Amino acid sequence: MATAADSAPPAPQTLIGSVQRAMRLLEAVAAHEDGAPAKQLAREAGVALPTAYHLLRTLTHEGYLRKEQGLFVFGEAAERLSSAAAQQNRRSMITDALRHWRDTIGVPVYFAIYRDGEIELIDVADTPANPAVEEWADFRETGHAHAIGQCLLSQLDDRARRDHLDRYPARSITPYSVRDDQSLLRKLDGAGRMEPLVERQEYALGTACAAFPITIGSTAATLAVSLPAHQAERLLPVARRLQHEIGRLVATLAFSISI
């Protein structure tokens with residue numbers, strides 16, 4: 001368990017000055033899109049020139065900077081850090097959006113996409129009082145049985161759909177599941193283009209789920225909600241409410257596709 005001492009800021013004597021100076025040099029580099037020479041970076045970072053030369057050489061050796069025609073610019077290592085930070089920011093935006101709609105409509109909310117031939121559950125927002133469906137069988141392998149997978153498969157063309165089923169054939173995992181590929185394909189063919197796709201206890205006994213497609217470029221994507229099976233009559237109204245109110249949310253989710 002964390003203590004007050006654990007969360008307190010470090011005492012000045014524990015800080016490493018060379019790290020602080022290196023970070024100030026990196027911040028100075030960030031202020032110049034086309035790079036800057038060592039003398040200018042040292043001046044802007046408030047670092048003595050001999051120390052700046054030493055730190056810049058070290059940062060270049062480690063890949064955080066590179067030198068081009070006497071100017072220092074970010075290297076591949078720094079770009080990887082930037083990419084990772086952007087990815088964390090996108091994840092946070094998705095999480096915040098799903099939590100908003102979870103709180104607004106009072107049920108678990110799921111966001112998933114179909115990418116590189118696989119069903120990918122990006123994020124889920126739920127609460128202890130209204131928990132998400134437990135992933136007791138791999139979501140990727142059981143797309144035929146849950147509404148998320150069925151909705152994503154319904155957006156694929158025939159070739160991609162059959163390729164998926166060749167790898168993950170439909171099989172009964174509860175007494176309510178579709179029993180074979182043909183039964184699943186008939187269900188998908190009967191789904192309305194933008195209508196929520198509903199399953200009741202096909203993936204997990206005691207739960208019902210509805211998922212609807214969302215348009216994000218050429219990527220198959222879906223938002224879904226779940227409820228206990230005895231509240232299944234609420235499922236479509238809840239799903240349609242979310243579907244009608246997601247204009248701003250879709251822009252956030254579209255941003256996540258590059259994750």
Side-chain angles (χ1 to χ4, degrees), residues 1-2 87-115 118-155 168 170-178 184 187 191 195-214 216 220-246 248-250 252-257 259:
M1 179 181 295
Q87 177 173 320
Q88 290 179 353
N89 184 55
R90 289 193 291 268
R91 288 281 188 183
S92 177
M93 290 174 66
I94 298 168
T95 298
D96 290 345
L98 296 188
R99 285 176 177 173
H100 167 75
W101 290 109
R102 172 203 65 193
D103 296 340
T104 300
I105 63 179
V107 300
V109 181
Y110 311 72
F111 173 51
I113 64 174
Y114 194 85
R115 177 162 51 188
E118 300 291 349
I119 292 167
E120 187 173 341
L121 184 62
I122 299 294
D123 208 349
V124 182
D126 65 353
T127 66
N130 294 293
V133 178
E134 181 181 355
E135 187 177 350
W136 70 274
D138 193 320
F139 257 37
R140 295 171 301 175
E141 299 178 6
T142 56
H144 64 282
H146 49 74
I148 288 172
Q150 292 175 8
C151 185
L152 291 173
L153 292 175
S154 74
Q155 298 174 62
Y168 304 119
R171 56 187 173 84
S172 187
I173 60 174
T174 79
Y176 304 94
S177 304
V178 292
L184 175 66
K187 179 175 182 178
E195 285 297 302
L197 205 152
V198 176
E199 61 89 358
R200 294 177 175 85
Q201 305 191 84
E202 294 182 42
Y203 174 76
L205 295 177
T207 64
C209 183
F212 56 86
I214 55 177
I216 300 182
T222 183
L223 281 166
V225 294
S226 64
L227 282 166
H230 68 273
Q231 298 181 28
E233 73 281 354
R234 294 180 53 213
L235 200 58
L236 274 176
V238 166
R240 288 195 173 114
R241 178 182 174 191
L242 177 59
Q243 190 175 24
H244 292 157
E245 297 181 4
I246 61 167
R248 187 179 302 175
L249 179 60
V250 168
T252 298
L253 299 181
F255 192 47
S256 76
I257 294 301
I259 290 175

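Position 1 is the first residue of the sequence, and the numbers go up from there. Quantities reported herein were computed from a predicted structural model and do not represent experimental measurements.
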Taken in chain and number order and not counting sequence neighbours, the residues that satisfy side-chain contact (heavy atoms from CB on, under 4.5 Å) with Pro228 are His230, Gln231
Side chain to side chain donor-acceptor pair (under 3.5 Å): which pairs involve residues 125-138, sequence neighbours left out? Asp138-Arg140
If a pair satisfies salt bridge (charged side-chain N to carboxylate O under 4.0 Å, His left out) and one of its residues is in residues 223-242, list it, with sequence neighbours excluded. Glu195-Arg240, Arg241-Glu245
Going by side-chain contact (heavy atoms from CB on, under 4.5 Å), name the residues that satisfy it together with Val124, two or more places apart in sequence or in a different chain. Tyr110, Leu121, Ala132
Across all chains, not counting sequence neighbours, the side-chain hydrogen bond (donor to acceptor under 3.5 Å, both in side chains) partners of Ser177 are Thr174
Among all residues two or more places apart in sequence or in another chain, which pass the salt bridge (Lys or Arg N to Asp or Glu O under 4.0 Å) test with Glu118? Arg167
Tell me which pairs pass salt bridge (charged side-chain N to carboxylate O under 4.0 Å, His left out) where either residue lies in residues 202-214, with sequence neighbours left out. Lys187-Glu202
Sequence neighbours excluded, the answer for side-chain hydrogen bond (donor to acceptor under 3.5 Å, both in side chains) partners of Arg99 is none
Residue list, salt bridge (Lys or Arg N to Asp or Glu O under 4.0 Å) with Glu199, at least two apart or on another chain: none
Who pairs with Ala229 by side-chain contact (heavy atoms from CB on, under 4.5 Å), at least two apart in sequence or on another chain? Gln201
With sequence neighbours left out, what residues match Ala208 under side-chain contact (heavy atoms from CB on, under 4.5 Å)? Arg200, Ala232, Leu235
Residue list, ring pair (Phe, Tyr, Trp, His ring centres under 6.0 Å) with Phe139, at least two apart or on another chain: His146, Tyr203
